[in-house]
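Numbers here simply count residues along the sequence, with the first being 1.
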Amino acid sequence: MAGNQLPLSIPPDSAAPRLPARISPMQATAIDAPFDDPGYLFEPWWPGVRGLVFVEGGRLRLQAEGLNDALACLPELAMLPRQLEVDGVVIDGTLLILDGTGRPDAHLLRRRLAGRGRAGRPAFVASDLLFAEGTSFTGRPFRARRRRLEQVLRAGDRVIVGRAYEGDGLLMADALRELGVEALSARQLSARYRAGSAGAAWLRAPTAVGGAEVQRARPLLALIQRLPLEGS
């Protein structure tokens with residue numbers, strides 16, 4: 001280097017975004033019946049809209065299929081960043097509208113998304129963590145992502161991490177069917193997150209098969225009945 005010229009130092013751009021503008025979400029694989037397996041986490045398949053929450057610099061963005069600005073339809077969720085312990089977060093979950101009893105209402109959701117009124121109570125049930133503190137978690141097993149999600153997101157009256165149970169898919173299906181929930185989510189605890197088809201990593205099963213209902217003891221039912229957001 002000529003003379004005493006110092007090497008050029010370029011300061012990092014602290015305003016540079018750490019999160020992607022959009023994420024292509026993982027899509028569940030439909031199967032014919034519920035099942036038990038200790039390698040899976042089972043939870044309700046909520047009757048809502050798939051949503052990705054982005055929080056960076058304390059600012060919230062919502063990515064939802066078919067919506068240019070999901071937050072404009074659900075402005076009540078603007079408080080979500082206040083429930084996070086860290087910044088630079090992306091969370092995968094389900095956007096819902098709850099009725100007066102605190103249950104998801106698909107009709108009210110459709111009206112909201114069509115811009116026809118503000119009836120009902122918006123809510124978000126979180127199920128997976130894709131980024132935290134600007135670092136991608138997609139290459140980690142779902143068990144680790146879920147554990148970190150529960151640490152990152154504090155429960156509130158509009159936003160929660162959904163209750164789920166390991167291994168007991170058949171009991172979960174029975175309890176959900178009693179509540180009128182038609183499908184069950186099953187996530188493989190060892191699987192990574194990937195865009196597009198999930199294969200065996202994430203399955204969607206009906207809670208009833210051919211209209212048949214097998215009577216079993218339901219030790220989980222009392223807990224499942226509290227799944228609609230408390231305090232709503």
Side-chain angles (χ1 to χ4, degrees), residues 25-52 91-96 98 101-106 123-130 132 137-153 155 159-230:
M26 185 163 67
Q27 302 295 337
T29 302
I31 59 174
D32 294 333
F35 61 96
D36 284 342
D37 191 317
Y40 281 81
L41 186 76
F42 298 93
E43 57 190 326
W45 191 280
W46 294 106
V49 170
R50 181 83 172 278
L52 293 177
I91 298 173
D92 193 349
T94 306
L95 297 164
L96 305 167
L98 308 180
T101 69
R103 301 253 179 163
D105 189 311
F124 179 71
V125 179
S127 57
D128 202 350
L129 180 71
L130 310 190
F137 274 61
T138 57
R140 305 186 190 189
F142 175 66
R143 184 191 296 276
R145 302 196 309 271
R146 183 73 173 215
R147 184 179 300 119
R148 183 60 176 146
L149 173 63
E150 292 170 352
Q151 296 168 347
V152 163
L153 179 64
V159 180
I160 62 168
V161 178
R163 290 189 181 90
Y165 300 90
E166 292 186 22
D168 293 317
L170 294 174
L171 281 173
M172 172 72 87
D174 282 346
L176 292 175
R177 186 172 56 246
E178 289 286 316
L179 298 174
V181 178
E182 297 179 353
L184 175 74
S185 169
R187 292 182 183 261
Q188 195 172 38
L189 292 165
S190 62
R192 298 178 177 183
Y193 191 100
R194 60 178 184 268
S197 177
W202 186 21
L203 305 171
R204 182 184 192 274
T207 56
V209 179
E213 293 192 13
V214 179
Q215 296 298 319
R216 299 183 180 92
R218 294 186 173 88
L220 300 180
L221 181 57
L223 292 175
I224 298 294
Q225 284 177 325
R226 295 200 301 271
L227 278 166
L229 301 187
E230 295 176 353

From Asp36 CG over to Asp168 CG, what is the distance, rounded to the nearest 0.5 angstrom? 6.0 Å
Search all heavy atoms of Ala155 against all heavy atoms of Ile160 and return the closest pair with its distance. CB-CG2, 4.3 Å
For Arg146, the side-chain hydrogen bond (donor to acceptor under 3.5 Å, both in side chains) test, sequence neighbours excluded, returns Glu43
Mind listing the closest non-hydrogen atom pair of Gly51 and Leu95 along with its distance? CA-CD1, 4.1 Å
With sequence neighbours excluded, tell me which residues meet side-chain hydrogen bond (donor to acceptor under 3.5 Å, both in side chains) with Asp92. Arg50, Tyr193
Got a sec, which residues hit side chain to side chain contact (heavy atoms under 4.5 Å, CB included) with Glu182, two or more places apart in sequence or on another chain? none
For Thr29, what residues pass the side chain to side chain contact (heavy atoms under 4.5 Å, CB included) criterion, not counting sequence neighbours? Ser197, Leu203
Give the minimum heavy-atom separation between Ser127 and Phe142, together with the two atoms involved. O-CE1, 3.5 Å
Sub-3.5 Å donor-acceptor pair from the side chain of Arg145 to the main-chain atoms of Asp128, do we have one? no
Examine distances only and state if a side-chain atom of Thr207 and a backbone atom of Val181 form a donor-acceptor pair shorter than 3.5 Å. yes
Hey, does the side chain of Arg143 reach the backbone of Arg147 with a donor-acceptor pair shorter than 3.5 angstrom? no
Going by ring-ring contact (aromatic ring centres under 6.0 Å, His included), name the residues that satisfy it together with Phe42, two or more places apart in sequence or in a different chain. Phe35
Atom pair CZ (Phe124) and OG1 (Thr94), whose distance is rounded to the nearest 0.5 Å: 7.0 Å
Evaluate Leu130 against Phe137 for side-chain contact (heavy atoms from CB on, under 4.5 Å), listing each step before the verdict. CA-CA 5 Å; Leu130 310 190; Phe137 274 61; 5.9 Å; no
Closest non-hydrogen atoms of Pro34 and Pro206, given as atom of the first, atom of the second and distance, are CD-O, 3.2 Å
About how many Å separate CG of Leu184 and CG of Leu176, when rounded to the nearest 0.5 Å? 6.0 Å
What heavy-atom pair brings Trp202 and Met26 nearest, and what distance separates the two atoms? CZ3-O, 3.3 Å
Got a donor-acceptor contact below 3.5 angstrom from the Asp37 side chain to the Gly167 backbone? no
For Arg192, side chain to side chain contact (heavy atoms under 4.5 Å, CB included) partners two or more places apart: none
Would you name the heavy atoms of Ser185 and Trp45 that are closest together and state the gap between them? CB-CE3, 3.8 Å
